[in-house]
Amino acid sequence: MGILTSFTAKKIEKQLTDERNALRDLSYRELWQRMRTYWQRYIIVSECIETICIDVAIEAYLIGAHYSRFIYYGESKETVRRRCIDEYMQLIDELYDRMKEYGDDMYDACARYIDGWWKEGIEKGLRRQRLRLK
């Protein structure tokens, strides 16, 4: 008799492994510096804002890295963006909810910030795919 395993447990385990591998290409110093330089144009950055922006940047990066496999197999970036539009828009809305107290015109800045990190995740994910780093 074999051991029965759940596919959802295996799927979660694989997802966590992939996320850990993707995060190896990202340093906290790079995250912090890019967040500081980006948001200093708009607001005075506090420790609370730093934490929120870094958390959302990591999530956008991981979404990009996860969906990069579709680009590797031939889809365009716009098609892939439509695939993950729910998660993508949720991140933008979450960041905007925190930033709207600094001004009502922050939505575009939030969208550009998320888009930049999503594209960074796509690029690093493609690199990992091409090098077969998994």
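Note that the structure is a prediction, hence the values are computed from the model and not measured.
Rounded to the nearest 0.5 Å, atoms OH (Tyr28) and CG (Leu23) are 13.5 Å apart. Rounding to the nearest 0.5 angstrom, the gap separating the CZ atom in Arg36 from the CD atom in Gln33 is 11.0 Å. Expressed to the nearest 0.5 Å, how far CH2 of Trp39 lies from CZ of Arg41 amounts to 9.5 Å. Atom NZ in Lys77 sits 10.5 Å away from atom OG in Ser68 (nearest 0.5 Å). The distance from atom CD1 of Ile54 to atom OG1 of Thr51, rounded to the nearest 0.5 Å, is 6.5 Å. Here CZ of Arg81 is found 9.0 Å from CD1 of Ile71. Values are rounded to the nearest 0.5 Å.
Using a 4.5 Å heavy-atom cutoff, the side chains of Ile114 and Tyr96 are not in contact. Two residues are said to be in side-chain contact when any heavy atoms from C-beta on lie closer than 4.5 Å; Ile49 and Ile44 fail this criterion. Trp32 is listed as a side-chain neighbour of Met35, based on a closest heavy-atom distance under 4.5 Å. By the 4.5 Å heavy-atom criterion applied to side chains, Tyr107 and Asp93 are counted as neighbours. Side-chain contact between Leu126 and Ile122: present, with at least one pair of heavy atoms (C-beta onward) separated by less than 4.5 Å.
Heavy atoms of other residues, nucleotides or ligands lying less than 6.0 angstrom from CD of Glu101 number more than 12. Heavy-atom contacts from other residues, nucleotides or ligands closer than 6.0 Å to CD of Glu19 number more than 12.
Contact detail for Met106 and Met99: the closest heavy-atom pair is CG-O, 3.6 Å. Smallest separation of non-hydrogen atoms from Thr79 and Glu75: CG2-OE1, 3.4 Å.
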List the steps and the verdict of salt bridge (Lys or Arg N to Asp or Glu O under 4.0 Å) for Arg112 and Asp108.
-> CA-CA 6 Å; Arg112 283 191 303 272; Asp108 290 333; 5.0 Å; no

Going through the distances and angles, do Arg20 and Arg24 end up as a side chain to side chain contact (heavy atoms under 4.5 Å, CB included)?
-> CA-CA 7 Å; Arg20 272 190 228 108; Arg24 287 182 183 158; 5.6 Å; no

So Val56 and Arg98, side chain to side chain contact (heavy atoms under 4.5 Å, CB included) or not? Walk me through it.
-> CA-CA 11 Å; Val56 172; Arg98 304 292 182 170; over 6 Å; no

Ring pair (Phe, Tyr, Trp, His ring centres under 6.0 Å) between Tyr67 and Trp118, worked out | CA-CA 10 Å; Tyr67 282 92; Trp118 181 77; 8.2 Å; no

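Ring-plane geometry between Tyr38 and Tyr42 is classed as tilted, the angle between the planes lying from 30 to 60 degrees on a 0 to 90 degree scale.
Using a 4.0 Å cut-off between charged nitrogen and carboxylate oxygen, Glu120 and Lys124 count as a salt-bridge pair.
Put simply, the side chain of Tyr61 gets close to the backbone of Ala22: a donor and an acceptor are under 3.5 Å apart. Although no hydrogens or angles enter the test, the distance criterion places a donor-acceptor pair under 3.5 Å between the side chain of Tyr113 and the main chain of Cys53.
Side chains of Tyr88 and Asp115: a donor-acceptor N/O pair is present below 3.5 angstrom, by distance only.
Criterion: ILVMFWY side-chain heavy atoms under 4.5 Å apart, direct or through other members. Under it, Ile63 and Ile12 are not part of a common hydrophobic cluster. A single hydrophobic cluster is seen to contain both Ile92 and Ile85, as judged by linkage of ILVMFWY side chains at heavy-atom distances under 4.5 Å, directly or through other members. At a threshold of 4.5 Å between side-chain heavy atoms, the hydrophobic network of Ile, Leu, Val, Met, Phe, Trp and Tyr places Tyr73 and Val80 in one connected group.
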